[in-house]
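In each ligand, atom 1 is the first atom listed, and ligand 1 is the first ligand listed.
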Amino acid sequence: MSTPGKLQATVQALVRKGKGILAADESGPTIAKRFKAIGVESTEENRRAYRSLLVGTAGLGDFISGIILYEETLAQRADDGTPLPELAARQGIVPGIKVDAGKIPLALAPGDEITLGLDGLAKRLDGYKQQGARFAKWRAVYNVSDTLPSRLAIEANAHALARYAAICQEQGVVPIVEPEVLIDGDHSMARCAEVTEAVLHEVFEALHRHRVVLEHMLLKPSMVVPGKEHETQAATAEVAGETLRVLRRTVPAAVPGINFLSGGQTPAEATANLDAMNRLGPLPWTLSFSYGRALQDPVMQAWRGQAANVQQAQAALLKRARLNGAACEGKYSAAMEAGE
Ligand code: 13P
């Protein structure tokens with residue numbers, strides 16, 4: 001198949017009505033933090049057991065079209081010896097890979113950060129493709145205050161995201177472009193909206209400059225919400241309205257799908273917000289999810305590292321996936337939270 005044909009087929013497999021993406025690509029330090037909270041040691045075997053549980057959940061493919069894996073997981077196998085990317089593919093779930101190498105402080109810009117990982121990316125992608133990955137993810141983060149992020153941080157991260165996306169497309173791998181405006185801090189919702197608009201505007205300018213084909217990528221943005229420590233929190237309708245206002249201003253209709261991150265929202269909040277946005281349609285793009293914590297928190301709570309809890313943990317994953325699938329079609333209601 002030609003490279004554009006491959007990219008198109010992967011986008012089509014990912015952007016499916018009533019389905020979204022499971023982000024299970026926590027880096028070493030992040031998964032260690034999540035495991036610590038449930039009293040589990042982060043050993044290679046525990047990570048393998050946990051991620052096998054996720055990928056092996058029967059019926060997951062009904063609501064999940066893609067899964068983002070961490071490099072280590074691409075090479076791991078389920079108990080019966082099946083490579084985890086293959087197990088995902090058997091469920092109709094496209095395997096993907098986090099390719100950024102994490103963030104560091106941006107030089108000469110106190111408080112700002114920049115994401116690493118461009119060096120040798122094309123070569124790494126070659127290996128990931130052989131292990132079954134068909135799409136990739138790169139996360140840029142923006143700290144928010146009255147003065148942050150700086151213009152420099154907005155421009156530097158847009159440049160890196162665009163370089164990453166271009167390299168992926170040249171290799172036939174669909175890039176998920178993830179600019180995350182962080183929820184940490186006491187900033188207002190208006191400040192979050194202002195920053196998100198500036199960030200997305202710059203990202204799409206850079207993508208254009210770097211010749212990225214918008215039809216062959218997905219956007220993974222944060223929602224417009226007040227900072228976690230802000231004095232008032234926003235109602236679902238406000239989050240939905242403000243987020244869509246910013247997206248409509250900045251994201252071209254050629255982008256096939258927008259898959260939100262959950263960024264510290266509770267599982268129920270993340271589902272309700274997505275649902276509310278889909279009720280405000282018709283929209284130019286398919287609006288879905290690419291949640292990490294909002295899908296996995298209840299799973300980890302149920303699992304707690306015990307093989308005896310696997311079934312219960314898988315039921316928790318299937319439930320959140322199903323409710324988010326409903327939210328993709330604007331068919332979720334809080335009453336659905338009760339029961340399995
Ligand atoms: P959260 O949904 O937990 O924010 O994770 C999504 C993700 O992939 C962050 O890079």
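Scanning the protein heavy atoms around atom 4 (O) of ligand 1, the nearest turns out to be Gly263 N, 2.7 Å. Closest to atom 9 (C) of ligand 1, if we only count protein heavy atoms, is Glu178 OE2, 3.3 Å. Nearest to atom 10 (O) of ligand 1 among the protein's heavy atoms is Lys137 NZ, 2.6 Å.
Checked against salt bridge (Lys or Arg N to Asp or Glu O under 4.0 Å), Glu180 has the following partners two or more places apart in sequence or in another chain: Arg139.
For the pair Glu26 and Arg51, the salt-bridge criterion is met [side-chain N within less than 4.0 Å of a carboxylate O]. We find that Lys98 and Glu71 are not joined by a salt bridge, their nearest charged nitrogen and carboxylate oxygen being 4.0 Å or further apart.
Residue Arg293 has at least one nitrogen or oxygen atom sitting less than 3.5 Å from a nitrogen or oxygen atom of ligand 1, judged on distance alone. Polar contact check, Ser262 against ligand 1: a nitrogen or oxygen pair lies under 3.5 Å apart. Residue Ala294 places no N or O, backbone or side chain, under 3.5 Å from any N or O of ligand 1.
The proximity of Ala23 to ligand 1, defined as any non-hydrogen pair under 4.0 Å, is limited to the side chain. Only side-chain heavy atoms of Arg139 come within less than 4.0 Å of ligand 1; its backbone N, CA, C and O stay farther off. With a 4.0 Å heavy-atom cut-off, ligand 1 is reached by no atom of Lys98.
Side-chain contacts under 4.5 Å among hydrophobic residues (ILVMFWY), followed directly or transitively, place Tyr332 together with Leu323, Met336.
Looking at Asn273 and Gln265, their side chains do bring a donor and an acceptor atom within 3.5 Å of each other.
Within the structure, the closest approach of Lys220 to ligand 1 falls below 4.0 Å when heavy atoms are considered.
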